[in-house]
Amino acid sequence: MSGNHAGADRADAGDGTFGGYGGQYVPEALMPAIEELTDAYERYVLGNEDGFVDEFRGRMADFGGRPTPLQRADRLSERYGRDVYLKREDLVHGGAHKLNNALGQVLLAKYMGKERIVAETGAGQHGTATAMAAAHLGMPCEVYMGERDINRQRPNVFRMRLNGADVTPVTTGRGTLKEAISETMRDWATNVEDTHYVIGSVVGPHPFPSMVRDFQALISEEARGQAEGKEGRLPDAVLACAGGGSNTMGAFHHFVGDEDVDLYAVEAGGSSLDVDEDEGVAPNSASLSTGSEGVLHGARTKLLQDRHGQIVESHSVSSGLDYAGVGPELAHLVDEERVTPVTVDDDAAVEAFHRLSQEEGIIPALETAHAFGYLHEHHDELGEFVVVNVSGRGDKDLESVIEETSRRDVPNAPDMDVFGGDR
Ligand SMILES: *Cc1c(COP(=O)(O)O)cnc(C)c1O
């Protein structure tokens with residue numbers, strides 16, 4: 001959506017596949033919805049029909065607070081001996097990049113004549129962004145959320161309720177994100193005439209991965225111009241954390257054609273990179289680095305799965321990275337060796353969280369902290385001019401950081417005694 005709305009921006013093969021990844025692996029009942037959405041994506045998002053893209057950009061400016069700054073991090077630049085810049089998506093309304101996508105999709109639903117929004121949420125960040133966007137645009141909104149997640153994320157549940165959304169508990173399976181996605185797809189298939197499903201990352205069947213990437217690509221469109229304005233050139237490296245991969249694809253998209261810009265997708269290494277197939281668990285969420293090809297939620301992509309193709313339970317200290325799949329375009333860019341997948345473990349992410357807070361006065365999301373963990377460990381390999389995408393702010397994570405910091409030895413943490421931790 002780089003100001004050229006005529007489809008020249010398409011990175012897929014025209015059919016929603018990226019190499020062998022992507023596609024539309026959905027039940028028959030969902031195909032009418034998918035076809036209608038594909039048509040709307042091509043007309044409004046790629047074609048700017050009825051001025052859709054102009055209205056999207058206008059609302060992201062006035063309601064969302066865009067453009068976000070590209071800020072030089074002076075202390076980190078000094079510490080690492082190179083220019084470190086921060087793309088401040090934490091300053092987007094709601095505190096993360098997620099509104100870029102949520103607002104884009106709710107607005108698209110309006111243009112399509114839909115009267116109701118459904119969404120799924122894990123930790124509640126995407127549900128919160130969708131509820132905000134729906135309230136802003138006057139659309140009723142229902143958010144499916146695993147029962148276990150509802151109990152773990154009460155503030156986010158209340159935020160969604162404050163914005164007028166209904167939060168529907170999902171009790172099947174483990175009661176987490178995976179089951180919430182399946183339930184939302186069922187609702188969508190049943191109510192397709194009046195309902196749009198706002199998916200939360202660059203995942204799911206085509207056109208979602210391309211469409212969500214286009215909404216998030218505002219990040220790299222701005223960053224590219226800002227880099228040229230501030231340093232007179234493009235960065236040597238761009239770093240972004242990758243869960244489903246939406247802030248990553250957003251931060252990378254307009255640099256993909258610039259061979260000299262190295263792109264790093266930083267995944268959650270969790271507590272270890274091993275998978276215990278017998279237990280069906282992976283103590284990490286590193287699907288790009290350690291996953292294998294399979295189909296999840298309507299798309300072929302890289303997944304954490306056992307040898308029978310069963311999805312294994314992932315883990316990360318940051319709930320937003322805790323997903324067994326990843327966007328198909330990102331999986332393809334990794335196979336093409338255009339994007340380098342790397343991992344940062346829980347301990348390093350918690351340390352990086354404290355470092356950015358202390359040295360730059362920015363409390364990052366735990367997801368974002370992974371990107372700074374990689375910068376800390378590998379700055380020597382990153383060239384003279386590095387951009388880190390600050391996908392979100394850390395206010396939502398304070399409870400878990402108190403807990404995570406209290407039960408491990410974090411050399412650079414403030415004294416935790418005041419919380420009566422059991423160290
Ligand atoms: C949700 C979230 C992520 C992970 O989602 P992606 O689709 O991989 O971007 C990363 N950072 C923050 C702050 C989030 O809220």
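Counting convention: from 1, in listed order, for ligands and their atoms alike.
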- Message: Suppose we screen for side-chain contact (heavy atoms from CB on, under 4.5 Å). Which residues come up paired with Asp345, at least two apart in sequence or across chains?
- Response: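 Listed in chain order: Asp347, Ala348.
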- Message: According to side-chain contact (heavy atoms from CB on, under 4.5 Å), who are the partners of Pro69, at least two apart in sequence or on a separate chain?
- Response: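 Scan of Pro69 (side-chain contact (heavy atoms from CB on, under 4.5 Å), adjacent residues dropped) gives Arg88, Leu91.
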- Message: If only side-chain N and O atoms count, and only distance matters, is there a donor-acceptor pair under 3.5 Å linking Arg338 with His332?
- Response: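 No, Arg338 and His332 have no side-chain donor paired with an acceptor closer than 3.5 Å.
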- Query: Between Asn156 and Gln125, does any side-chain donor sit less than 3.5 Å from a side-chain acceptor?
  - Reply: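 Their side chains do contain a donor-acceptor pair, which is all the 3.5 Å distance test asks for.
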- Query: Measuring from His206:NE2 to Asp15:CG, what's the distance to the nearest 0.5 Å?
  - Reply: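 Spacing of NE2 (His206) from CG (Asp15) equals 7.5 Å.
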- Query: What residues, two or more places apart in sequence or in another chain, satisfy ring pair (Phe, Tyr, Trp, His ring centres under 6.0 Å) together with Tyr374?
  - Reply: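 So Tyr374 forms a ring pair (Phe, Tyr, Trp, His ring centres under 6.0 Å) with Tyr264, His378.
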- Task: Give the protein residues with at least one non-hydrogen atom closer than 4.0 Å to an atom of ligand 1, ordered by chain and number.
- Result: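 Ligand 1 is contacted, at a heavy-atom distance under 4.0 Å, by His97, Lys98, Ser201, Cys241, Ala242, Gly243, Gly244, Gly245, Ser246, Asn247, Gly320, Ala365, Glu367, Ser391, Gly392.
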